[in-house]
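What follows is a short report on a single structure.
Note on naming: letters A, B, ... go to the chains in the order of the sequence lines (proteins, then strands), and numbering restarts at 1 for each one.
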Protein chains: 2
Amino acid sequence: MATTPQFRRIDLAPAYQKVADAIEREIINGRIKPGEPIGTEQQLVEQFGVNRSTVREGIRVLEEGGLIRRDSSRRLQACLPRYNKLATRLSRALILHEVTFRELFETSMTLEVASVEGAVERATEENVAELADNVERSADVVGNPAGLAELDAEFHVLVAKASQNRVLQLAREPAAQLFFPTTEMIVGGVPEGGARLVEAHRRILDAIRRRDKEAGVLWTRRHLQDWRRGFEKIASLDRSVEHTYMEHAYAARQ
Amino acid sequence: MATTPQFRRIDLAPAYQKVADAIEREIINGRIKPGEPIGTEQQLVEQFGVNRSTVREGIRVLEEGGLIRRDSSRRLQACLPRYNKLATRLSRALILHEVTFRELFETSMTLEVASVEGAVERATEENVAELADNVERSADVVGNPAGLAELDAEFHVLVAKASQNRVLQLAREPAAQLFFPTTEMIVGGVPEGGARLVEAHRRILDAIRRRDKEAGVLWTRRHLQDWRRGFEKIASLDRSVEHTYMEHAYAARQ
DNA sequence: CTTATCGGTTTGTCCGACAAAGCTAGATTT
DNA sequence: AAATCTAGCTTTGTCGGACAAACCGATAAG
């Protein structure tokens, strides 16, 4: 065995992939910082010694991966991947996998409770101010389901932000993106739903202010249970997210 | 104002993006099912009436987004986005955002506990058999940090799978991908670390078997606390994941 | 029945080209 | 002199065509 010559695994990745990988490496290990330019396509052609079409295919890969973007004048520059864009992809994946609202609800319960726990522990004054502003605006649109749903989503993003835990912020995002669009249906379908929602937000904010973890968790649970009760009035928890949305979109179009 | 003609917002998305969007729509709303072929590049050229280079750029976008892949013979086909690939992108994003191990640990604690709770409730016999197999193999390599680290990662994936909650499986993946590579360092650095790890896994499996949620949660917490204690012996929880890995890689190369 | 061979496809890459949009710097106007 | 305009250069997005290598399917040879 020892005398058998060892060959390195032959590299058969297509050129566009290697271009993408090479640029990715430079960004990942910090030699190109977010915001810095990557160079023009022509420059990349010269540096890599491949055709422009090949470079462009590599660029498309990185662009979709969120590692580079084009600035106002369409020049390439490195950027910090936005959670939101990636989260959208994940949400889409969840839909295609036909996950149910029960799975969504269970996971969101876990993550929202964790968020509020973190927020109670570590929210800054600025976080509290943002939340207070949100709650105030919510109270103004309590009769408007669409507006309230949007502010509800924002409220929970702000709570996660207040937890100062970016991993948690990221982890909750895909589920939240699928979860919260239903808020509009529910608030619209349940009398007093809007008022209950704002009340819960107010209590949660208050708990964060007072650093009262127990109250924060309690009201977060109630808030989500409210959602669940409302949801079960209009659809089944065990149907897939996709089907439920399709039907709702269909019903709305009638 | 009323007399001013209203123009529809002119569509200025580049052609490759439109190609990608068009194919994506077909997949999302189920007209092309996972596994079905998309057609050859030439066919797409004819259908969309654009150049092959343009089609190829669109394909790269979808490929990176995980919506299509090339089968063994490099023909295009729709596919279910793999969590793993998307999770890798997210992990990379987390690194670039310089998250700390404290954030990672806190979130993983939440998600792993939720996973084990779900597993205790809903694990099938097949899930249990997979876990048992994993634990057995772990016992065999208890002295081999690299092998044990790999099986540890697998164990936690299997627990999440046993929870029957795909949203949870997905949510834990990005953090896990960053979290578990450290297991090797820790097991290697702490005497009896390997044995403790296997013991914890055995207890968790046992709890799942007996549907004993309290024990499952307890041992999962202990298991992660063990990780944390081990980690703090070799690095600080408050440093960024990136820096810690860089240093470890550097030290390993010496 | 397996293996070898041979076209026809398909992908990956390259070359060259051009219109549209952006940028730059010199020319023009106020 | 400052602001504006304009013409030219650059860069991107798209196109057409080309070719080698890999792959597929079917046929021929062992």
Once you round it to whole Å, what is the distance between [atom2] of [N] and [atom1] of [X]?
| X | N | atom1 | atom2 | result |
| --- | --- | --- | --- | --- |
| B/Ile59 | C/dT10 | CD1 | P | 13 Å |
| A/Asp71 | D/dT12 | CG | P | 10 Å |
| A/Asn51 | D/dA18 | CG | C1' | 12 Å |
| A/Glu57 | D/dG13 | CD | P | 14 Å |
| B/Gln43 | C/dT9 | CD | P | 12 Å |
| B/Arg52 | C/dT13 | CZ | P | 11 Å |
| A/Arg56 | D/dT14 | CZ | C1' | 8 Å |
| B/Tyr16 | D/dT14 | OH | C1' | 12 Å |

Distance-minimising heavy-atom pair for A/Gln169 and A/Arg172: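 Looking at all heavy atoms of both residues, the shortest contact is O-CG, 3.3 Å.
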Between C/dT13, C/dT10, C/dC15, which one does the side chain of A/Ser53 approach most closely?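 Of the options given, the side chain of A/Ser53 lies nearest C/dC15.
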Counting heavy atoms from C-beta on, name the nucleotide in C/dT13, D/dA22, C/dT10 closest to the side chain of B/Arg74.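 Per side-chain heavy atoms of B/Arg74, the pick is D/dA22.
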Would the number of heavy atoms belonging to other residues, nucleotides or ligands and lying under 6.0 Å from CD of B/Gln164 be above 12?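 Buried by this count: over 12 neighbours within 6.0 Å.
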Check whether B/Thr54 reaches the backbone of B/Tyr16 with its side chain - one donor and one acceptor, N or O, closer than 3.5 Å.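 The answer is no, because no donor-acceptor pair under 3.5 Å joins these two groups.
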So, A/Glu46 side chain and A/Gln43 main chain: donor-acceptor pair closer than 3.5 Å or not?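 No; judged by distance alone, with no hydrogens or angles, the pair does not exist.
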Short side-chain N/O contact to C/dG12 OP1/OP2 from B/Arg60, under 4.0 Å: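 So the side chain of B/Arg60 is within the cut-off, an N or O lying under 4.0 Å from OP1 or OP2 of C/dG12.
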Between D/dC15 and B/Thr54, is there an OP1 or OP2 to side-chain N/O distance shorter than 4.0 Å?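 So the side chain of B/Thr54 is within the cut-off, an N or O lying under 4.0 Å from OP1 or OP2 of D/dC15.
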NA contact type, B/Arg75, heavy-atom cut-off 4.0 Å: base, sugar-phosphate, or nothing?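 Sugar-phosphate, backbone atoms only, no base.
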